[in-house]
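This chain uses plain numbering: 1 for the first residue, then up along the sequence. These figures come from a predicted structure and were not determined experimentally. Counting convention: from 1, in listed order, for ligands and their atoms alike.
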Amino acid sequence: MKTKVLWGKDLAQEVIQRVASQIKVLKTTVGRMPGLAVVLVGNDPPSQIYVSHKTRACERAGIRSLGHHLSSHTTMEEILYLIQRLNTQEEVDGILVQLPLPPHLNQSKILGSIDPNKDVDGFHPYNMGKLSLGEESIAPCTPKGVMALLDYYGIPVEGREVVVVGASNIVGKPLALMLVNRMATVTICHIMTKDLAIHTQRAEIVFTATGVPHLVKRDMVREGAIIVDIGISRKQGKIVGDADFQGLQGWARAITPVPGGVGPMTVAMLMENTLQAFRMRARTR
Ligand code: GUN
């Protein structure tokens, strides 16, 4: 079986171009461009790279990015004060707090302090609650990017047996909700799952988001399975995903590459979400 590679990078460019052309039109009626505040706390190297990708995408989309790089010693009071200011700042349509945060900060309280209408990451309890009710408002970027990729390649999920490996609040849980909202039969596996392979072998589509390099191998999935690799880690200096990309060639029906698969879609969905927040705010003024 020839394994199809599900690239995300070209689709992400297309999405960003589409966002850019919509912003071009809207800008004249609203009287300004959309603004995205990006809050980065500390000096985590991968976070710095992700933030630079997001800032670059903003330039291409016609979104004004307002960077707030804070020291790793920032206190809760300081960060909550900044978010309050951003919540009320007229030219800020979206607020993104890059994760992970230094361990002394209360992530849940910080994410909960963002105005849900400006919550372009979709992590606020209101937006996560809407997602769980099947009434998506602003939805988390990575799972939204995964669904957009599946749609683009014409891969339906309705009625299919799917497994999500990883139960994080950022990816695994919201992705499982999106899949169940689309009537897939969903199993969620995580670090305490006793025998991962039993579950993954049953799946028609395996979604994996653990950050464990090459966790998902050929003998763990059925022939003809579709593998959506949302993991990203470094192995001997190289960026790799959760799936053994080489070992799955000729066995899987389709697989997303790392890098160049889901990653660029996350950034493109952030541009879409910022446009969505800009539209929502323009409508209510
Ligand atoms: N860290 C890893 N993924 C994400 C994401 O989608 N949003 C934010 N804010 N931080 C992240």
**Request:** Could you please spell out the steps behind the salt bridge (Lys or Arg N to Asp or Glu O under 4.0 Å) verdict for R182 and D151?
**Result:** CA-CA 12 Å; R182 296 236 202 147; D151 289 342; 2.9 Å; yes
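- At a heavy-atom cutoff of 4.0 Å, ligand 1 is surrounded by K54, L96, V97, Q98, L99, D121, F123.
- Residue M1 is not grouped with residue V216 when hydrophobic side chains (ILVMFWY) are merged at heavy-atom distances under 4.5 angstrom, including chains of intermediate members.
- With no hydrogens or angles considered, a side-chain donor-acceptor pair links T142 and T266 at under 3.5 Å.
- Classification of E223 and R253 as a salt-bridged pair fails, no side-chain N sitting under 4.0 Å from a carboxylate O.
- Not one N or O on the side chain of Q22 forms a donor-acceptor pair closer than 3.5 Å with the backbone of V19.
- A donor-acceptor contact under 3.5 angstrom links the side chains of T210 and D242, judged on distance only.
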